[in-house]
Every structure is written in C-alpha cells, then in structure tokens.
Amino acid sequence: MTQPALAVHGLSKRFGSLVVAQAIELDLARGARTGLIGPNGAGKTTLVNLLTGTLRADAGTIMLDGRPIDALTPEARVRRGIVRTHQINTLLDETTVCDNVAIAVAERDGIAWRLLRFARRWRACIDEARSRLAELGIAHAVERRVSELPYGEQRLLEIAIALALRPRVLLLDEPAAGVPSLEAHAIHAALDRLPGDISVLMIEHDMDLVFRFAREIVVLAQGRVLARGSPAEIAADRQVRAVYLGRSAS
Amino acid sequence: MTALSESGLRRLWHGLPWALALLVYFTGGGYLGLGTHALVMILFALSLDLALGQAGIITMGHAAFFGIGAYAAGIFASHLSADPLLGLAAATLAASLFGLLSGAFILHTAGVTLMMLTLAVSALLAEFANQAHGLTGGDDGLQLGRMAPLLGLFGFDLWGKTAYLYALAVLFLWSLAAWRIMRSPFGRSLDGIRQNPRRMRAIGTPVWRRLVVAYGLSAAMAGSAGALEAQTTRSVGLGALSVLTSGTVLVMLVLGGTRRSYGAFLGATVYVVVQDFAAEIDPFRWMFVIGLLLMAVVLIFENGLTGLGDAARRALAGLPRRSGRP
C-alpha cells in the first residue's frame, strides 16, 4: 500500500557485448537507508548514472513516487527530486562556499532565470545557504573559496548542496572516500542527521561505514543484484562473502 | 565612518571611467571620432565578456553579431528609416535573434568544437554578405545616408559630438544592464556553468537553455555595438563580419581582463589608443606593438590590465586597512 519513493524494475544496460546492468530490481521506501555495495566493476556507478539519467537504460523503468521518469533529462530528474553527490570533486572552486549552496537554492526555487528584481530573493537564498552550512558545522567557512577548503569540508559542502535541493531520493556516491579519518567523523555525523523523510542510497567501499549507516544492503555483482537484506543477513551471506573473498584473493 | 568613506570611494571609482569619457568629449577635439570608435569597441568587448568571460562560451566568431548589427542598421537606414534609435533597436533585435538561433544549434557543444562552430557560423555569414550584393553591397559595403536627428532634437554634426554622446549613452545603458546581469542569479548560474557544467546539471540547471539565452543577450549587445559603428561612421564593410574582428575584440577583452567591471573598458580603450599611436608612427607594423603589449600583459598580470589595478589597490589599501583593524 505504501508506495516506494523510488522503484526500479528490470533495468538493463549493455555496452556492446558487456552487460553492465541486468534486470535490476530495486525499491527504496520513504526514509530508506540503503547501502549499495559490490566489487569494482559490479555496475554501481552505472546504476547511479541510470538513475540520474546520465545514461539511458536499454530496458526497464524507474518510478519516482509512482511516476515514471525514464524520459526525463538529468536536470529534470534533479528538479523532480533525484539528487546525487559526486565521488570526485565537482564543486565551483572559484565561488564562495556560501554561493555554491545559494546557487543551488536559487535553482531549486526557479529564480535562477531572474535578471531583474532579484535582490530580496537572492538574499533569501544566501540566508538559507548560511543556515544549511551552519547545520553541517561549516559556518566558519561560508565566505571562503571552495579551493581553500580542506577536503573533508568540501565533502560536507557537497552534502549541503544536495540537501539544499530538497531531494526525495538522495544518491550518495562514496561520501567519505579519501577523507582523512580525523575529518571523517564530521561526515558520519552529517549522514546520521540526514532528514528522515529522504530516501538514501549510499554507494560505498568502506564496509564499516555501510554497515553503520544502512538498514538494508543491496549487493551488486556483474550488473545484477546478487543479494539484498539487512546488514546482518548480508554479513552472513556466503555468496556475498565469496564475491568479496574471491576478489581479495586474486 | 570608515564604511561610509569606503563606499564613497567605491562610488567615486565607478564614476571615474564615465567622468573620463565626458572629459574626452570636452577636450577630445579631433579625436572624438576615435573616441566614438573606442566606445563602440568597449560595448563589443563587454558583450564578449558576457558570453566568454561569464558563461565560458568559447567563441571565435563574435563578429557575426557585430556585423549583423552593423548591416541591419545600414539596411534599415537605407530602406526604412533614418531614425538612429529605431535602427539601433532593429539591429539589436536582429543580432539577438540570430544569436538565439545559432546558439540553439551550436551550444550543445563545448571547447574546441564550439570554437570551430562559432568560427564557421561567422565565416558563412561573411561569405553570405559578400555574395548578397543587392542587400549588402558585397565588397563595396554600404554607405549610410544622413541619420535623422537623435530623438528629433540632436543632429549628427560634422565633428562627431552627437555621435560620441550617443555612443556613450548607449554604452552606459548596456553597462548598467551587463552589471546587473552578472550579479543576478542568472549571471551567477552562468558563472557556475563556466566553471563546471556538470555541477550545474547536478543541481538541476538546464545548461543549454541558459547558455542560449546568455548568447542571445550577448549577441544583442554586440549587435548594438555594430549598429553604433555603422551609424556613427555612416558605412558598413565586410570587415565588420571578419574573423579578424572576432580576434580583435577577443584581444581587447583579454588585454583588459575578463569578468571585471571595467576590463572591457580598459582593454578596448588601450587597444584603440595604442593602435592609433603606433599606426601613426609606423602604419605597417602597429600590430607588432599590440602583440608585444598583449604578451606582456598576459604573462605578467593575472587578469589583464585590471589585474594591475588590483595589485596596486591591494598594495595601497593593505597597510591602512591592517592598522585600522587591530
């Protein structure tokens, strides 16, 4: 009866003879905290790109709140509420931290087309940006340029921008990758405090983080869903262990 | 009190270029024609700053819009009306429409591909103007008749006084608009697209549509500049559409500095003045001087000649500011 926020049915994609996604089924309930794991080349990034629309699927459907979004451009999907964070840094380096978020807020509220009479609305964007940055504990850095920011805080900024878009579904692509452990706790805290109504799919190699964060884990291998279940079930799954052990043994 | 004098200083700073322009009007004498040309090129460089500096649209064909503006103003004056403002409006509209149309086709691409397409569009246009003899006069160009008085009041005089003030007024209005655009949420999103289109897509920005609109606005400005050039010199030639003109305006902008309130002003003025002086001394090798100047500026300063101003201001303001805030 309760409709999932995101429902993926039979999603498939191939590049030539290489199958990168094969009949993937995936549901994210409202407020879900799902981890997506799998060895390198399992198709995790492909799946994210299919969900965001950067790649077009060969077959299958993606429903957001019960409505298909397959025909939508990546930008339109963002406006509908599928937002992702990036593994590598894609921030506006020459812009201030505050403006990075404010530009996203302006885009969300549809005032980014404004050429005239924008002063008050832009002020509101700035104010919201500041409060969002304060919530994530980087209020001290609002006026700095992104390029001057420590890496860990850049990742927090990435999360702040994603949240500023008021996502329905948030795709976190290795949110803590490459962050020194001293700064990682700030990111973990931010992840713990993500708004409860957002459905989150986290792609992560750091198993500690996934098992800490996720209430459900989906394992991908060779473009298909190998297993899904609670962290405890996945930890005990022999097939999953074989995939991971097999990889580390080779 | 410090804040007051600081903002007052800034206002003074913004008034300076305009005060200088008016000074030239009163003292320029025989140089008013050159001054008018400088104002036109400033407007042209400003239009490029919106497309290239702000939105990061790598273009080597901006003369297309300058030329369309110039020819549209010429054709309008010859066939429809000698009113300068109507001609200016028609030229601006024509250039803007062509900007939107060509932008819609080419702004799916980026980088070198885009550069080649802008070059190709302007080359096609130049060849069209060359062939369409009946409309454009081909090789001979167009001679404009006498323009009607501005607003029905101010006749265009032999000394170019009206022409100068006319160009200055149009430049002033477009500068206000450009200044406003660059600080608007729209302008900020363009700056974001220039830095990282992928990021902007990830926050839901319709990148292509926004670039097309920016290109159309920039084309409108360039069209106005072309129209002013045609109306104030009363002639249009194929040079207005040439690749060399695209290159010249690019040099002007880089010389002055991109994305700066007065980069286009400084660059275009210095270029026009240096060109005039150097050409007087040696009519065949003035490009040599421009080339050396450009190399020096690009190599030494971070962002054109305005980069020099920044360094100076920092050096001047650095000490008192530090002592003012213990």
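Letters A, B, ... are given to chains in the order of the sequence lines, protein chains preceding strands, and every chain is numbered from 1.
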Peer 1: Is it the side chain or the backbone of B:Arg194 that comes within 4.5 Å of chain A heavy atoms, both, or neither?
Peer 2: side chain
Peer 1: We want to know whether A:Arg145 and A:Thr95 form a side-chain donor-acceptor pair, criterion being a heavy-atom distance below 3.5 angstrom.
Peer 2: no
Peer 1: With chain B as the partner, which of A:Ala104, A:Ala164, A:Ala106 has the greatest number of non-hydrogen pairs under 4.5 Å?
Peer 2: A:Ala104
Peer 1: Can you tell me which portion of A:Leu92 sits under 4.5 Å from chain B's heavy atoms? Options are side chain, backbone, both or neither.
Peer 2: both
Peer 1: Parallel under 30°, tilted from 30 to 60°, perpendicular over 60°: which one fits the rings of B:Trp18 and B:Phe172?
Peer 2: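 Taking B:Phe172 first and then B:Trp18, their aromatic rings stand perpendicular (interplane angle over 60°).
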Peer 1: Check the side chains of A:His140 and A:Glu153 for a donor-acceptor pair under 3.5 angstrom, ignoring hydrogens and angles.
Peer 2: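 There is such a pair between these side chains.
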Peer 1: Mark yes or no: B:Arg260 above the aromatic ring of B:Phe265, with NZ or CZ under 6.0 Å from the six-membered ring centre and no more than 45 degrees from the axis.
Peer 2: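 The answer is no, since B:Arg260 fails at least one limit relative to B:Phe265.
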Peer 1: Where is the tightest heavy-atom contact between A:Ala129 and A:Ala102, given as atom of each residue plus distance?
Peer 2: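 Of all heavy-atom pairs spanning A:Ala129 and A:Ala102, the closest is CB-N, 3.7 Å.
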Peer 1: Would you please say whether a donor-acceptor pair under 3.5 Å links the side chains of A:Arg84 and A:Asn49?
Peer 2: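 The answer is yes; a qualifying pair exists.
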Peer 1: Between A:Thr85, A:Leu91, A:Ile111, A:Thr73, which residue shows the highest count of heavy-atom pairs closer than 4.5 Å to chain B?
Peer 2: A:Leu91
Peer 1: For A:Leu115, which atoms come within 4.5 Å of any heavy atom of chain B: side chain, backbone, both, or neither?
Peer 2: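 The answer is both parts of A:Leu115.
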Peer 1: Checking heavy atoms, do the side chain of B:Leu190, its backbone, both or neither come under 4.5 Å from chain A?
Peer 2: neither
Peer 1: Hey, which of B:Ala202, B:Pro185, B:Pro206, B:Gly192 has the most heavy atom pairs under 4.5 Å with chain A?
Peer 2: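 Looking at each of B:Ala202, B:Pro185, B:Pro206, B:Gly192 in turn, B:Pro185 comes out on top.
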Peer 1: Tell me, side chain or backbone of A:Trp122 under 4.5 Å from chain B's heavy atoms, or both, or neither?
Peer 2: side chain
Peer 1: Just checking, is any N or O donor in the side chain of A:Glu107 or B:Thr205 under 3.5 Å from an acceptor N or O on the other one?
Peer 2: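 Note: A:Glu107 and B:Thr205 side chains meet the donor-acceptor criterion.
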Peer 1: What part of A:Asn100 is in contact with chain B, defined as an atom under 4.5 angstrom from a non-hydrogen atom: side chain, backbone, both or neither?
Peer 2: neither
